[in-house]
Amino acid sequence: MPYVITEPCIGTKDASCVDVCPVDCIHTTDDAPQYYINPDTCIDCAACELACPVTAIFHEDSLDEASRKYIEINANFFQ
Ligand code: SF4
């Protein structure tokens, strides 16, 4: 059950999360609208959730209904 980056990251891409992630599982590209967490390598440490200045990152189990689509959006980036 990984952490997931959601809508507030779009247009923000602050990247504070990237600096604190101990397993380097948060990535993006210049063209992508947001950052994404690789669900296969996230170790659920919660460091990114605390670092995010726009409250875009949640544990998968804590997502509200409108944000659950970001589980797939994050995973698809790494396909
Ligand atoms: Fe990285 Fe920890 Fe956030 Fe997972 S919960 S993306 S391991 S900082």
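Start at 1 and go down the list; that is how both ligands and their atoms are numbered.
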- Could you find the nearest protein heavy atom to atom 2 (Fe) of ligand 1 and give me its residue, atom name and distance? C45 SG, 2.3 Å
- Task: Considering only non-hydrogen protein atoms, determine which one is nearest to atom 6 (S) of ligand 1 and report residue, atom name and distance to 0.1 Å.
- Result: C25 SG, 3.4 Å
- Considering only non-hydrogen protein atoms, determine which one is nearest to atom 7 (S) of ligand 1 and report residue, atom name and distance to 0.1 Å. I43 N, 3.4 Å
- Query: Less than 4.5 Å apart, any side-chain heavy atom of F78 and any of T41?
  - Reply: no
- Mark yes or no for whether S62, through its side chain, and F58, through its backbone, hold a donor-acceptor pair below 3.5 Å. no
- Query: Any donor-acceptor pair under 3.5 Å linking the side chain of T6 with the backbone of I57?
  - Reply: no
- Message: Only heavy atoms of I37, strictly under 4.0 Å: list the atoms of ligand 1 that pass.
- Response: 6 (S)
- Nearest heavy atom to atom 3 (Fe) of ligand 1 wins, so pick from C17, C48, P39, C52. C48
- shortest atom 4 (Fe) of ligand 1-to-protein heavy-atom contact is with C42 SG, 2.4 Å
- Message: Using heavy atoms and a 4.0 Å limit, tell me yes or no: is I26 in contact with ligand 1?
- Response: yes
- Message: Under a 4.0 angstrom heavy-atom cut-off, which atoms of ligand 1 come close to V23?
- Response: 7 (S)
- Is there a donor-acceptor pair closer than 3.5 Å between any side-chain N or O of K13 and the backbone N or O of T28? no
- Item | Q34 side chain near N74 side chain, heavy-atom distance below 4.5 Å | yes
- C21 near atom 2 (Fe) of ligand 1 via N/O/S, less than 2.8 Å: no
- Do D64 and S67 have a side chain donor and acceptor closer than 3.5 Å? yes
- Are the side chains of I37 and C48 in touch, meaning some heavy atoms are under 4.5 Å apart? yes
